[in-house]
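In what follows, a single structure is set out as structure tokens and then discussed.
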Amino acid sequence: MARAASTGEMPRAYDPGSVEGPIYKFWNESGFFRPEIDHSKKPFVVIMPPPNVTGELHMGHALTIAVEDLMVRWHRMLGEPALYLPGSDHAGIATQVVVERQLASDGLSRHDLGRDGFIERVWSWVDDYGDRIYRQTERLGASCDWSRKAFTLDAGPALAVRTTFVNLYKKGLIYKGTRITNWCPRCRTALSDLEVKHQDEKSGLYHIRYPLEDGSGHLTIATTRPETMLGDTAVAVNPDDERYSQFIGKSVKLPIMGRSIPVIADEAVELGFGTGALKVTPGHDPTDYEIGERHGIDTVNILNLDGTLNENAGEFAGLTVDEARTGVLARLEEEGILEGIEDFNHAVGHCDRCDEVVEPIVTDQWYVRMGPLAEPARAAVVDGEISIVPERFTKVYLNWMDNIRDWPISRQLWWGHRIPVWYCEKGCQIVEMEDPTSCPECGSTQLERDPDVLDTWFSSGLWTHSTLGWPGDTDDFDYFYPTSVMETGHDILFFWVARMIFMAIENTGESPFHTVYLHGLVRDPEGVKMSKTKGNVVDPLELVDIYGADAVRFALTTGTSAGNDMRMNEQRLEASRNFVNKLWNAARFVIANLEGATGLEDWQEPRSLEHREDRWIVSRLNRVADQVDSHMKAYQFGEAQRVVHDFLWNEYCDWYIEMSKIRLRTGDVPSPLPVLAHVLERTLRLLHPFLPFATEEIWSRLTAVLPEVEDPPEAAMLAPYPQADPSRYDAEAEGEVGSVVEIVRAARNLRAEFRIENNQQLTAQLAVANGTSSVFQDAMGFIESQARIALEVTPSETSGQGSADQAVQVLNAGTLAVSLEGLVDLDEETERLKSELADLRKYQVRVSKNLQNENFVNRAPEEVVDRERDRLVSTEARIERLVEILDRLAG
RNA sequence: GGGCGAUUAGCUCAGUGGUUAGAGCGCUCGCCUCACACGCGAGAGGUCCGAGGUUCAAAUCCUCGAUCGCCCACCA
């Protein structure tokens, strides 16, 4: 085998730091992450949501990678060619903001560098930091195919962007329009609605008097933004508002500005709000813009693109919005027309990236016409071609698609895909695959390219197919598209997932994936969303340093379910680390015993299992494999992990290994070694998707001390995922070993209760039903070692328990009487047994009531009824024995 | 204004109609038992938010309500 690790003594504690690096290198250099195109097999494909190229991994990324990688590894082990394609995003605004901030600390703006200089600056930033995110991804153990990694500004994705733009333009689905848009004065760009975050803020609701032109009185309007009155071009009232019907059609004189504006009637005005009269500012309010359109009202823009007021604001020109507000209010006060101020909360839009207050401004922007694109994207989900996990997000998705508005895609930025539109001096638009040199309509060679770039999400929306070579007719696209599962946070369902769906259907005619798996947010230990400004972000790499990558991954995916948020805390991480260490030590024990041992030939598939304990643990292993399989298929990864975790810790370690020690010590046959090895090896495979590093390391050490099998897997990550073999199910062995466990527990319980010193050997009688004593005879050595008790097994007929020198446990398997001369207080013992009897009777009543109910017996499934009958029988038997003992104690 | 989620042990959470409802951490008691103190053993701890309903059977499905949280939306 190619790797040098996994020799030498296994340390007492698992040391992820020394294991993870070499293992990752081994996997990667062996080409295990690169799937082979095999047309006889259906591939499994996950495209990684591309993180910001200049960013750093945060816990959300770690969760993304943990979930995606476990799916990919699972499918790879199922024998499917599995592609996990990594990449990064140029992240237009986000990156530009970061670089601009850096410039600002040197007192520069992007304009000081100029467009080319600025872009060069960003690229050098990308060159310096662009690989960091990939190295971090590797540290988490992501099994992605680095030979296919992609960046949104690479030539391939760029061609996909160009192709898509040209196609949509020619179909009339991309158009340029003048309308009111969200504008970030700091970023100096238009934003889509999704990029604006509303926050409730305290502000006043100002009542302002507008005098009628004819001097016959006044109208009082109410507004939260008094400064925008400088751009008012009408006052609107509801047509049904009797208070104002007499004013409709008249004019008022706009205070300060002095111009005459009409009073109009529009349904959009609410009767009950404010004064019922609305100042109409079509230039700076979306509702007012619509009212203005309906009534043919003028639009006055009073803002510059940097958020200061322009010459249309008269004496307030040059001020910021805040300054203008103060100034306007002072003027209104002076003129005595500010009637009053109400306390009021309203939602103020902020730029998602820089948090600046967003201003609605009328500008020219490029839009994608959404109606025709949304329709098939909606149908894909309705028809079940794409399913969303958890299902509840289906409704959220459909609701958004149903209310979709055209998507503004132009951004007044420099960093991104430049819009492929050229204008000639006569104003023709030229949109072609090739850069034009002259205008095809007028022949002009004086061409100018549109200065704007596209919304980042335009290129991200193509990610499922642009990364695979589309629009080229490549082998990758042919084989790996459509992809399988899109796994990402529910916070970008609209931003990204929805857009991928309609872009992909438009471009390829197919849905880009069959399943969307949405994970929740990773929160801090107090449940607060992690954010840089709050200073509560945790660096996943720091956690990897402390706990190991496996533990971090396990902590992220255990005890959680799709769509639900989780809190990350130290205890969670410690518990996961402890589990990895438990696995390590179990393996350490098994491997130490295997070294130099013989007779291990059939460890891979033990043929006949003669020993009850072997049949039991192999039966359990197969049932666990079955449960894991169904949980994985249902995307219940946390449950799948829990099932293997519990099996390994509670059954394999706590019981099977302890049982095996008896045979190992005595040399009794059959040796437990083949089964110890078999079950451990299969459990390593079951756990591999969740704990890739530790399982790989242990697997290689384990297989090194076992006889080589035919055609061995090259690594744990390539070993077939264990499938349940129902012929290995053994209910009898499970029941019998369960009885032995019950006895041991009962004896330990008595020891603890009566505070018997550990080193004090006890004797006990175990009365069991006829025909079952061999089970306990066989397990005698184990029971004695576990409970430190010398056991005498007798058929129940000879039972004589119930004396002052015995403490008794009445169990399903039989009655255990531990001799405790002089230690048993007869009254206390009687009380203890009586309370147990009461519990049993309560239960018996419940069960028998159920069984007396004809409806239950007739309607419940047979197995449920049978189980209930069994319960009744065993409970009644216990009651009988308990009564007998109490009688003897009393008599 | 719509929509969604959560409410289960002291804490954080699993549990997607059928065990006397589980885990981790914490707590109590006892243990350095020859794989593991990142451990072992024994315990305590729960009107599954409330009220109705459906069902042979409800933590689980339905209705209403409460509390907390999230998303969407142009009431200035």
Side-chain angles (χ1 to χ4, degrees), chain A residues 10 12-14 180 193 198 205 221-225 228 236 268-270 272-274 277-281 285-291 344 346-347 360 390-393 395-396 399-400 403 490-491 493-494 520-521 525 527 547 551 558-561 563-567 569-572 574-593 634 636 638-639 642 645-646 653-654 657-658 661 665 745 748-753 755-759 785-786 788 839-840 842-843 846-847 850 853-861 863-865 867-868 871 875:
Chain A
M10 290 175 78
R12 270 172 81 87
Y14 174 60
I180 196 156
D193 291 345
H198 292 272
L205 184 62
I221 58 88
T223 182
T224 54
R225 300 210 49 193
T228 62
V269 182
E270 289 224 3
F273 188 89
L278 170 72
K279 66 191 256 325
V280 180
T281 323
D285 184 279
T287 310
D288 295 6
Y289 184 77
E290 284 173 20
I291 294 174
F344 193 70
H346 79 138
E391 207 202 336
R392 64 173 187 271
F393 284 102
K395 235 171 127 176
V396 180
N399 182 51
W400 189 73
N403 296 296
H490 62 66
D491 50 331
L493 178 61
F494 305 140
L521 236 54
Y547 301 99
T558 201
T560 60
S561 49
N564 290 341
D565 294 353
M566 65 163 313
R567 298 185 192 194
N569 58 40
E570 215 175 303
Q571 287 82 359
R572 230 184 148 92
E574 277 175 8
S576 299
R577 179 202 57 193
N578 294 353
F579 176 62
V580 179
N581 195 54
K582 185 73 181 179
L583 173 66
W584 177 259
N585 273 288
R588 202 157 72 93
F589 171 80
V590 174
I591 290 169
N593 279 284
Q636 291 170 329
E639 278 297 280
R642 188 188 56 75
H645 169 278
D646 291 354
C653 291
D654 286 352
I657 285 186
E658 293 307 319
K661 285 176 181 171
R665 207 169 296 155
R745 287 216 161 112
R748 283 175 180 165
N749 173 286
L750 288 181
R751 288 195 81 102
E753 209 149 299
R755 301 182 182 285
I756 310 296
E757 292 288 330
N758 269 4
N759 54 11
S785 77
Q786 291 298 298
R788 286 161 200 252
D839 287 348
L840 278 174
K842 240 190 279 172
Y843 183 53
R846 209 171 89 183
V847 176
N850 219 359
N853 181 343
E854 272 181 44
N855 279 323
F856 171 72
V857 178
N858 293 335
R859 297 197 195 183
E863 58 188 84
V864 174
V865 178
R867 200 162 54 209
E868 212 65 1
R871 279 179 199 150
T875 306

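These numbers come from a predicted model, not from an experiment. Chain naming here is simple, since letters A, B, ... match the order of the sequence lines and numbering starts at 1 in each.
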Open item on the list: Taking the C1' atom in each of rA14(B) and rU55(B), what is the distance between them to the nearest angstrom?
Closed with: 26 Å
- [ ] Between rC48(B) and rA73(B), how far apart are the P atoms? Round to whole Å, please.
- [x] 39 Å
Task: Donor-acceptor pair, side chain of Asn569(A) and main chain of Arg572(A), under 3.5 angstrom - done: yes
- [ ] Can you figure out which of rG18(B), rC74(B), rC75(B) approaches the side chain of Val864(A) most closely?
- [x] rG18(B)
Open item on the list: From CG of Asp193(A) over to C1' of rC71(B), roughly how many Å is that when rounded to an integer?
Closed with: 14 Å
Open item on the list: Would you measure the distance from the P atom in rG30(B) across to the matching atom in rA35(B) and give it in whole Å?
Closed with: 26 Å
Open item on the list: Applying a 4.0 Å non-hydrogen cut-off, can you work out what Tyr547(A) is touching in the nucleic acid: base, sugar-phosphate, or nothing?
Closed with: nothing
Task: Watson-Crick or G-U wobble mate for rG10(B), both contacts under 3.5 Å - done: rC25(B)
Task: Separation of rC32(B) C1' from Asn759(A) CG (nearest whole Å) - done: 15 Å
TODO: For this output row, return yes or no: ring centroids of Phe344(A) and Phe273(A) closer than 6.0 angstrom.
DONE: yes
Task: Asn850(A) (side chain) donor-acceptor with Glu868(A) (main chain) under 3.5 angstrom - done: no
TODO: Taking atom C1' in both rU8(B) and rG2(B), compute the distance separating them and give it to the nearest angstrom.
DONE: 30 Å
- [ ] Taking the side chain as every heavy atom from C-beta outward, state whether Ile291(A) and Leu278(A) have any atom pair closer than 4.5 Å.
- [x] yes
Open item on the list: Any strand counts, and the cut-off is 3.5 Å on both contacts for Watson-Crick or G-U wobble. Which nucleotide pairs with rG17(B)?
Closed with: none
Task: Minimum-distance nucleotide to Asn758(A) side chain [options: rC74(B), rU33(B), rC75(B)] - done: rU33(B)
TODO: Considering only atom C1', compute the distance from rG45(B) to rA51(B) and round it to an integer number of Å.
DONE: 27 Å
TODO: Can you tell me the distance, in whole Å, between the CZ atom of Arg642(A) and the P atom of rG22(B)?
DONE: 11 Å
- [ ] Quick one: look up who rG65(B) pairs with, Watson-Crick or G-U, both distances under 3.5 Å, and put none if it's unpaired.
- [x] rC49(B)
Task: Gap between atoms CZ and C1', on Arg755(A) and rC29(B) respectively (whole Å) - done: 6 Å
TODO: Quick one: sort the Trp400(A) and Phe494(A) rings into parallel, tilted or perpendicular, breaks at 30° and 60°.
DONE: parallel
Open item on the list: Does Arg871(A) reach a base, just sugar-phosphate, or nothing at all? Heavy atoms under 4.0 Å.
Closed with: sugar-phosphate
Open item on the list: For nucleotides 36-48 of chain B, give me one character per nucleotide, 5' to 3': B if any protein heavy atom sits under 4.0 Å from the base, S if the only such contacts are to the sugar-phosphate, - if neither.
Closed with: BSBSSSSS-----
Task: Sugar-phosphate, base or nothing in reach of Val269(A), heavy atoms under 4.0 Å - done: base
TODO: Please say which of Arg745(A), Glu658(A), Lys661(A) ends up in a side chain to side chain contact (heavy atoms under 4.5 Å, CB included) with Gln786(A).
DONE: Glu658(A)
Task: Nucleotide paired to rC75(B) in any strand shown, Watson-Crick or G-U, under 3.5 Å - done: none
Task: Nearest-angstrom distance, P atom, rG26(B) to rU12(B) - done: 15 Å
Open item on the list: Nearest whole Å is fine: how far is rG3(B) C1' from Asn403(A) CG?
Closed with: 11 Å
TODO: Look up atom CZ in Arg392(A) and atom NE2 in His490(A), then write down how far apart they are to the nearest 0.5 Å.
DONE: 7.5 Å
Open item on the list: For rC70(B), give the paired nucleotide (Watson-Crick: N1-N3 plus N6-O4 or O6-N4; G-U: N1-O2 and O6-N3; both under 3.5 Å), or none.
Closed with: rG3(B)
- [ ] Between Met566(A) and His346(A), just flag the one whose closest nucleotide in RNA chain B comes earlier from the 5' side.
- [x] Met566(A)
Open item on the list: Only pairs with both distances under 3.5 Å count, Watson-Crick or wobble alike; so what is the partner of rU54(B) in this structure?
Closed with: none
Open item on the list: Let's test this: given Watson-Crick or G-U wobble pairing with both distances under 3.5 Å, identify the partner of rU33(B).
Closed with: none
Open item on the list: Any base atoms under 4.0 Å from Glu639(A), or only sugar-phosphate, or nothing? Heavy atoms, all strands.
Closed with: sugar-phosphate
Open item on the list: Donor-acceptor check, side chain of Asn858(A) to backbone of Glu854(A), threshold 3.5 angstrom: yes or no?
Closed with: yes
TODO: Examine rA14(B): is either OP1 or OP2 under 4.0 Å from a nitrogen or oxygen in the side chain of Asn564(A)? Give yes or no.
DONE: yes
Open item on the list: Quick check for you: among rA76(B), rA35(B), rA14(B), whose closest atom lies nearest to any side-chain atom of Ser561(A)?
Closed with: rA14(B)
Open item on the list: Taking the P atom in each of rU19(B) and rC61(B), what is the distance between them to the nearest angstrom?
Closed with: 16 Å
Open item on the list: Just N and O in the side chain of Arg572(A): are any of them under 4.0 Å from OP1 or OP2 of rG24(B)?
Closed with: no
- [ ] Pick out which of Thr228(A), Ile180(A), Asp285(A), Thr287(A) makes a side chain to side chain contact (heavy atoms under 4.5 Å, CB included) with Pro360(A).
- [x] Ile180(A)
Task: Residue met sooner reading RNA chain B from 5', once Ala347(A) and Asp565(A) are mapped to nucleotides - done: Asp565(A)
TODO: Can you tell me the distance, in whole Å, between the CZ atom of Arg567(A) and the P atom of rG69(B)?
DONE: 12 Å
Task: Test item: Asn581(A) side-chain N/O and Ala13(A) main-chain N/O as donor-acceptor pair under 3.5 Å - done: no
- [ ] Return the value, rounded to whole Å, for the distance between atom OH of Tyr289(A) and atom P of rC74(B).
- [x] 16 Å
- [ ] Rounded to the nearest angstrom, tell me the gap between atom CZ in Arg846(A) and atom C1' in rA57(B).
- [x] 11 Å
Open item on the list: Please classify the nucleic acid contact of Pro525(A) as base, sugar-phosphate, or nothing, using heavy-atom distances under 4.0 Å.
Closed with: nothing
Task: Whole-Å P distance, rG41(B) and rU47(B) - done: 28 Å
Open item on the list: Once you apply a heavy-atom cut-off of 4.0 Å, does Ala860(A) come out as touching a base, just sugar-phosphate, or nothing?
Closed with: base
